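Worksheet for the structure shown next.
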Amino acid sequence: MTEPTHHDRRTVLRAAGLTATGLLGTGLLTARPAGAAPVLLRGDRPVLTHGVQSGDVTTSSAIVWSRADRPARMLVEIATDPSFRRARRLRGPLLTPDTGGTGKLRVPGLPPGTELHYRVTAEALDGRVASEPRTGMLRTAPIGRRDVRLLWSGDVAGQGWGINPDIGGMRIYAAMAERRPDLFLHSGDTVYADGPLSERVTLPDGRTWRNVVTPEKAKVAETLDEYRGQFAYNLLDDNLRRFAAEVPAYLQWDDHEVVNNWYPGEILTDRPEYTEKRVDVLAARAFQAFHEWHPIDQRAAVDGRVYRSFRYGSRVEVFVLDMRTYRDANTSDPSRPGHMLGQRQADWLVRALDRSTATWKIVQADMPIGVVVPDGQHIEGVANGLPGAAGGRETELAWVLREISRRRVRNVVWLTADVHYSSAHHYSPDRAAVGDFDPFWEFVSGPLHAGAFGPNKLDPTFGPEAVFVHAPPAANTSPLDGFQHFGELNVHGRSGELTVDLRDAAGVSLWSTTLHPERR
């Protein structure tokens with residue numbers, strides 16, 4: 001999204017109390033049988049610094065992630081009960097400076113649709129001592145008609161609003177944890193690598209917002225270590241870290257993982273704060289850090305990138321898009337055919353949707369379709385802001401919508417974030433300039449913890465109607481003022497009905513609807 005000028009970027013010091021409670025420890029961990037309680041002795045040992053996460057879950061496997069403060073071996077135990085009495089123990093990768101100390105392991109052979117507990121330790125390279133364990137839980141994807149609850153949102157620590165210890169940090173993650181979801185879809189802007197933080201921000205009404213600030217968050221990210229520091233920063237928040245340990249995620253990226261509104265080949269001629277002007281160089285470093293710090297199986301991703309799909313029982317399949325890597329320039333002529341997905345990804349999406357036998361095909365998009373998202377005088381989003389037939393990046397989405405209609409693909413729902421307000425859009429050929437597609441819903445949520453904006457104008461090309469909108473009265477409204485959002489989908493296993501709730505930061509439902517599946 002297009003951002004206002006950042007807050008004061010003066011040099012800052014690490015705020016008091018930066019290290020989250022419970023992340024540091026001393027002592028030794030002796031060898032023990034699986035499930036036995038650790039025996040702690042004095043001494044120096046590795047530390048798991050940023051908790052644990054899980055992601056890319058399937059019916060039989062999951063990725064488990066953690067990070068150590070020194071070279072160590074990652075060990076993972078997994079069990080059906082929190083006592084770990086009958087735990088399986090797996091030897092994971094080495095955690096080294098080559099990956100910023102991070103590591104992840106695909107845990108295979110898991111039972112489907114089962115709540116599992118996992119425990120991670122970091123073993124010293126000599127094998128004599130290990131870290132205190134960090135525990136988490138996950139649920140594997142089910143088989144058959146099971147009830148499914150998933151949440152989605154995006155946009156974390158943007159526009160100058162970081163971890164504020166005075167209000168308990170990023171409290172929306174606690175509200176999401178209370179919903180006890182099976183799965184979280186992170187719709188991008190997982191960090192704001194281009195958004196330096198100030199220790200204090202004075203709000204329009206005179207209140208003061210206080211940020212925890214790290215050296216990496218005191219400037220725009222350019223080096224690999226600075227990009228790594230963006231993800232490390234967010235995991236200092238107790239609420240986020242707890243949520244990540246309890247709920248597996250499917251994650252995608254958007255622009256702020258690199259720099260605002262970026263596109264391949266861009267040169268940052270008007271950004272004096274950047275010494276590296278080549279976006280392709282920055283994007284490669286950000287891409288490495290993104291994969292290092294998230295529980296994503298890069299080997300399983302199509303084209304080694306971000307877009308991929310996951311089956312979640314007979315009722316749900318999730319299609320994760322990458323609307324950033326393959327786009328054309330924001331400066332391209334919006335009246336001529338353009339690209340947002342790229343031909344290879346667009347072909348993959350149509351084929352994958354057509355092959356899917358899931359009742360609901362959930363498209364996890366990092367940008368909305370019909371919302372006009374400008375980039376100065378140019379276009380950042382799909383919608384070109386022009387009436388009439390599809391042009392620019394709309395032509396590619398028009399082809400996708402036309403093809404899935406021609407193939408009689410039913411029950412496709414689009415989820416997205418990016419624009420920093422919550423809304424429900426219904427698209428219909430009856431209202432559209434383009435008439436060869438089936439009606440569908442797009443649900444927008446966010447931000448999780450960032451400045452609130454909007455609402456933006458809707459482009460009429462695909463006939464969108466804003467059925468619900470919750471947006472702030474002023475641009476860059478702080479998280480203190482009640483315009484942070486997440487969305488929730490509940491799929492009823494027996495009937496196949498899908499209920500959508502758009503929720504606020506406290507978890508209160510602002511709007512809800514129930515969709516009934518159509519037969520193919």
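Positions are given from 1, in the same order as the sequence printed here. If you're wondering where the values come from, they're calculated on a predicted model, not measured in any experiment. Atoms considered below: every heavy atom in the structure, side chains included; atoms not considered: hydrogens, waters and symmetry mates.
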Euclidean distance, [Y] [atom2] relative to [X] [atom1], rounded to 0.5 Å:
| X | Y | atom1 | atom2 | value |
| --- | --- | --- | --- | --- |
| Leu401 | Trp414 | CG | CH2 | 6.0 Å |
| Leu448 | Arg171 | CG | CZ | 14.0 Å |
| Met340 | Asp328 | CE | CG | 8.0 Å |
| Leu321 | Gln364 | CG | CD | 8.0 Å |
| Gln53 | Phe243 | CD | CZ | 11.0 Å |
| Ile379 | Arg327 | CD1 | CZ | 11.0 Å |

Donor-acceptor under 3.5 Å ([X] side chain, [Y] main chain):
| X | Y | value |
| --- | --- | --- |
| Gln484 | Ile172 | no |
| Glu442 | Ile369 | yes |
| Tyr274 | Val259 | no |
| Tyr421 | His485 | no |

[X] with [Y]: basic N within carboxylate O range, under 4.0 Å:
| X | Y | answer |
| --- | --- | --- |
| Arg324 | Asp254 | yes |
| Arg278 | Asp280 | no |
| Asp166 | Arg207 | no |

When you compare the side chain of [Y] with that of [X], does any pair of heavy atoms fall below 4.5 Å?
| X | Y | answer |
| --- | --- | --- |
| Phe231 | His294 | yes |
| Gln252 | Asp322 | no |
| Asp297 | Arg308 | no |
| Val52 | Thr135 | no |
| His339 | Tyr326 | no |
| Glu380 | Asn260 | no |
| Asp481 | Asp205 | no |

Between [X] and [Y], does any side-chain donor sit less than 3.5 Å from a side-chain acceptor?
| X | Y | result |
| --- | --- | --- |
| Asn330 | Arg393 | yes |
| Asp459 | Thr461 | yes |
| Arg210 | Asn164 | no |
| Tyr233 | Glu216 | no |
| His426 | Glu465 | no |

Anything under 30° is parallel, anything over 60° is perpendicular, the rest tilted; go ahead and classify [X] against [Y].
| X | Y | answer |
| --- | --- | --- |
| Tyr192 | His420 | perpendicular |
| Phe443 | Trp441 | parallel |
| His50 | Trp293 | perpendicular |
| Trp348 | Tyr307 | tilted |

Seminar exercise, completed: With sequence neighbours left out, the residues meeting side-chain hydrogen bond (donor to acceptor under 3.5 Å, both in side chains) with Asn456 are none

Problem set entry | All salt bridge (charged side-chain N to carboxylate O under 4.0 Å, His left out) counterparts of Asp147, not counting sequence neighbours | none

Please report the shortest heavy-atom distance between [X] and [Y], naming the atom on each side.
| X | Y | answer |
| --- | --- | --- |
| Ser54 | Met137 | OG-O, 4.3 Å |
| Gly385 | Val372 | CA-CG2, 3.9 Å |
| Asn211 | Val201 | ND2-CG2, 4.3 Å |
| Gly154 | Ala417 | N-CB, 3.8 Å |

Exercise. Checking side chain to side chain contact (heavy atoms under 4.5 Å, CB included) for the pair Val191/Tyr227: CA distance, chi angles, key distance, verdict?
Worked result: CA-CA 9 Å; Val191 297; Tyr227 278 110; over 6 Å; no

For this session: Could you list all the side chain to side chain donor-acceptor pair (under 3.5 Å) pairs where at least one residue sits in residues 502-512, not counting sequence neighbours?
Result: Glu488-Arg503, Asp501-Ser509, Asp501-Ser512

Seminar exercise, completed: The side chain to side chain contact (heavy atoms under 4.5 Å, CB included) partner of Leu150 among Asn490, Leu415, Val491, Asp182 is Leu415

Exercise. Given Trp360, which of Val318, Leu498, Val148, Val412 fulfils the side chain to side chain contact (heavy atoms under 4.5 Å, CB included) condition?
Worked result: Leu498

Exercise. Where do Trp253 and Phe287 land on the side chain to side chain contact (heavy atoms under 4.5 Å, CB included) test, with the steps shown first?
Worked result: CA-CA 9 Å; Trp253 74 344; Phe287 183 79; 3.7 Å; yes

Problem set entry | Given Asn261, Asp194, Asp418, the one that forms side chain to side chain donor-acceptor pair (under 3.5 Å) with His256 | Asp194

For this session: Determine, step by step, whether Arg139 and Glu115 satisfy the salt bridge (charged side-chain N to carboxylate O under 4.0 Å, His left out) criterion, reporting the C-alpha distance in whole Å, the side-chain angles of both residues, the deciding distance to 0.1 Å, and the verdict.
Result: CA-CA 4 Å; Arg139 183 181 294 276; Glu115 185 173 278; 3.6 Å; yes

For this session: Give a yes or no on this: more than 12 heavy atoms of other residues, nucleotides or ligands lie within 6.0 Å of atom CZ of Arg180.
Result: no

Problem set entry | Check: Phe483 ring centroid to His470 ring centroid under 6.0 Å | yes

